[in-house]
Amino acid sequence: MSKTSSPFPVSTVKVSPRGATRLKDGHVWVYRSDIVSANGVAPGSLVTLADHRGQILGTALYSSSSQIAIRLISREPVADLPALLRQRIAEAIAYREPLIRDTNAYRVIFSEADFLPGLIVDRYNDILSMQILTQAMDAEIVRATLISELTERLHPASIVERVDPRVRQLEDLPPRASGLVQGEKSSTVFAMNGVQFHFDALEGQKTGAFLDQRENYAAAAQYAHGEALDVFCYHGGFALHLAPRCSHVTGVDSSRLALEVTDQNAALNRAQLHDKDKEIEWIEANAFDLLKDYASSGQRYDTIVLDPPAFAKSKRDLDAALRGYKELNLRALKMLRPGGILVTCSCSYHVSQLDFLEMLADAARDAHRVVRLVEVRGQSKDHPVLLNIPETAYLKCVVANVSQ
Ligand code: SAH
């Protein structure tokens, strides 16, 4: 790939009127079906974009295999891609400076939302975790630029690349292993909101932790009380934030591997709990089965967190996803004592905030509970939402009070 791609735009791609309108409306993607001509354009190359009449629309990164054929990188001509990438990295870092508080773990670069389509970089204390999602970002000259600029600006002990094999397949890129691309350190401890977590760059899901929930952890902790249940707890993000406020915390996840890390994280934070013997326990179980059993056996809680994996991976899954969310939320609502707090999340982009609130309203009606919305939240600010790129907004987190 790197042999054929050029850092300078050598080809022009023409897009249909529909594609051009989409770009003029503020989006940055053009689907393959809206490409009029891209003859001989090298995979992953930087291209000049024009409408069907030849009017220049900007400069873009081209993918020869993805349905998203074009990702706009600038509305201006670009003579030097490495220089533009360096500038974009500097801007992403500067954007976050006033927004990031009480953490040394956050998303440094969020792809389209930082005008660096196809690139995700997360910081975990002194380790950077990088994900490359497109042909263009995979080019050697681009990789070298990213690594040198990130190193110069953030001075990480190491940079690790996390590979999603399915994405590489879709982008028609050769297989590649996850691993260190710079430095030797692969594990560290990071802290958010005063809570500490182990990070192993070569294990875990996504790029290691769910940084998009960081501000929601702090919000949930503010309202949590009594006996708490954190369903789909992964490494204990919510559970460990709730622990200082609650008398007892139970985390549930189906992954034994995740729960092993959760246990280590609990040990890391025990010294900070006032009550050193406070009970925090982890249960390896299917959440659907466990909630069904607990709800029917009369188990009660004061705080319940629901943070399942994305149920709707595509638009087609929407109805099934909403049924799944409703089942979980219905059972949780039934189990909450009066005055209880429900923290309920969805990270499915295809489930809109409105869909999610309607689902919750249905569940409240069926559970015969009165539910007040305390906060309707989204993803942490280091995962910016671009108003004209709806795909950048995906996380919903509702904090609700269940009064009767
Ligand atoms: N709340 C977590 C993130 C949860 S991610 C945090 O803030 O860090 C979703 C989690 O759900 C994963 O850890 C996955 O192992 C778990 N999971 C997926 N399906 C499950 C099921 N049916 N029952 C229980 N856990 C499940």
Side-chain angles (χ1 to χ4, degrees), residues 103 105-107 122 124 129 162 164 189-193 195-200 203-221 224 228-243 246 249-266 268-269 280-295 303-313 317 320-321 323-332 335 341-349 351 377-380 382-383 394-399:
T103 185
Y106 56 91
R107 180 151 290 185
D122 289 333
Y124 294 94
S129 171
R162 290 191 51 84
D164 182 338
V189 170
F190 66 89
M192 46 169 83
N193 312 308
V195 181
Q196 298 186 73
F197 295 88
H198 286 281
F199 172 65
D200 189 332
E203 305 269 338
Q205 301 169 8
K206 285 180 84 183
T207 56
F210 293 89
L211 300 175
D212 49 3
Q213 291 281 27
R214 190 185 63 254
E215 293 169 5
N216 297 332
Y217 295 152
L229 182 67
D230 176 7
V231 189
F232 305 96
C233 67
Y234 186 57
H235 291 169
F238 278 103
L240 295 172
H241 277 81
L242 303 188
C246 296
V249 180
T250 304
V252 181
D253 202 283
S254 58
S255 160
R256 174 179 298 252
L257 222 62
L259 292 181
E260 281 169 14
V261 181
T262 324
D263 217 30
Q264 292 170 18
N265 287 340
L268 205 56
N269 291 285
I280 306 179
E281 58 167 351
W282 315 113
I283 301 177
E284 182 188 339
N286 179 321
F288 285 89
D289 297 342
L290 181 122
L291 287 180
K292 190 171 172 199
D293 290 353
Y294 278 20
T303 303
I304 298 180
V305 178
L306 300 174
D307 184 20
F311 287 159
K313 298 253 194 257
D317 305 332
R323 279 197 297 278
Y325 288 120
K326 185 171 168 191
E327 178 177 338
L328 293 173
N329 282 278
L330 179 65
R331 295 202 199 285
M335 279 198 285
I341 289 290
L342 175 67
V343 179
T344 180
C345 312
S346 163
C347 57
S348 302
Y349 159 69
V351 175
R377 306 177 55 90
Q379 60 225 39
S380 298
D382 46 322
H383 295 60
Y394 62 97
L395 186 63
K396 277 80 50 195
C397 174
V398 174
V399 182

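For ligands, and for the atoms within them, numbers begin at 1 and follow the listed sequence. Fair warning: this is a prediction, and the values are worked out from it, not measured in the lab. Along the sequence shown, the residues carry numbers beginning at 1.
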Student: Hey, does F232 come in under 3.5 Å of ligand 1, counting only N/O atoms on both sides?
Tutor: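 N/O-N/O distance below 3.5 Å exists for this pair.
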Student: Would you mind reporting whether H235 and H198 have side-chain heavy atoms less than 4.5 Å apart?
Tutor: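 When only atoms from C-beta onward are counted, H235 and H198 do not touch, as no gap falls below 4.5 Å.
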Student: Please examine the side chains of F210 and L395, heavy atoms only from C-beta on, and report whether any two atoms are closer than 4.5 Å.
Tutor: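 Counting from C-beta outward, L395 and F210 never come under 4.5 Å.
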Student: Using a strict cut-off of 4.0 Å, indicate which atoms of ligand 1 neighbour a heavy atom of D307.
Tutor: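 Answer, ordered by atom number: 1 (N), 2 (C), 3 (C), 4 (C), 6 (C), 7 (O), 9 (C).
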Student: I need the atoms of ligand 1 closer than 4.0 Å to a non-hydrogen atom of Y234, numbered in the order shown.
Tutor: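 Answer for ligand 1: 2 (C), 3 (C), 4 (C), 8 (O), 13 (O).
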Student: With only distance considered, is S254 within less than 3.5 Å of ligand 1 through an N or O on each side?
Tutor: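 Yes, S254 has an N/O under 3.5 Å of an N/O on ligand 1.
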Student: Using a 4.0 Å heavy-atom threshold (strictly under), name the region of A209 that reaches ligand 1: side chain, backbone, both or neither.
Tutor: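 Neither; no heavy atom under 4.0 Å.
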Student: Taking the minimum heavy-atom distance to atom 18 (C) of ligand 1, which of P309, C347, P308 ranks first?
Tutor: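 Heavy atom nearest to atom 18 (C) of ligand 1 belongs to P309.
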Student: Hey, which atoms in ligand 1 end up nearer than 4.0 Å to a heavy atom of A287?
Tutor: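 With A287 as reference, the close atoms of ligand 1 come out as 21 (C), 23 (N), 24 (C).
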Student: For ligand 1, is there an atom lying under 4.0 Å from some heavy atom of A258?
Tutor: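 A258: no contact with ligand 1 (<4.0 Å).
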Student: Would you mind listing which atoms of ligand 1 come within a distance below 4.0 Å of any non-hydrogen atom of Y217?
Tutor: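 Numbered from 1, ligand 1 contributes 6 (C), 7 (O), 8 (O).
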Student: Using a 4.5 Å cut-off on heavy atoms from C-beta on, say whether the side chain of N216 contacts that of D307.
Tutor: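 D307 does not reach N216 side chain to side chain.
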Student: Should F238 and V343 count as side-chain neighbours, where that means a heavy-atom distance under 4.5 Å?
Tutor: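 In short, these two side chains touch, coming nearer than 4.5 Å.
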Student: Between R331 and E327, is there a salt bridge with N-O shorter than 4.0 Å?
Tutor: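 Salt bridge: yes.
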Student: Is there a polar contact, in the sense of an N or O pair closer than 3.5 Å, between H235 and ligand 1?
Tutor: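 No, H235 has no N/O under 3.5 Å of an N/O on ligand 1.
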Student: Pull out every atom of ligand 1 sitting under 4.0 Å from any heavy atom of S255, numbered as shown with elements.
Tutor: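 Reading through ligand 1 atom by atom, the close ones are 15 (O).
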Student: What closest approach, in Å, do F232 and D253 show between heavy atoms, and which atom pair accounts for it?
Tutor: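 Looking at all heavy atoms of both residues, the closest pair is C-OD2, 3.6 Å.
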Student: Taking only non-hydrogen atoms of A285, do any sit less than 4.0 angstrom from ligand 1?
Tutor: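 A285 counts as a contact of ligand 1 under the 4.0 Å cut-off.
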Student: For the CG atom of L211 and the OG1 atom of T103, what is their distance to the nearest 0.5 Å?
Tutor: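 The OG1 atom of T103 is 7.5 Å from CG of L211, to the nearest 0.5 Å.
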Student: Does the distance from a Lys or Arg side-chain N to an Asp or Glu carboxylate O, for D382 and R214, drop under 4.0 Å?
Tutor: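 Looking at D382 and R214, the cut-off is met.
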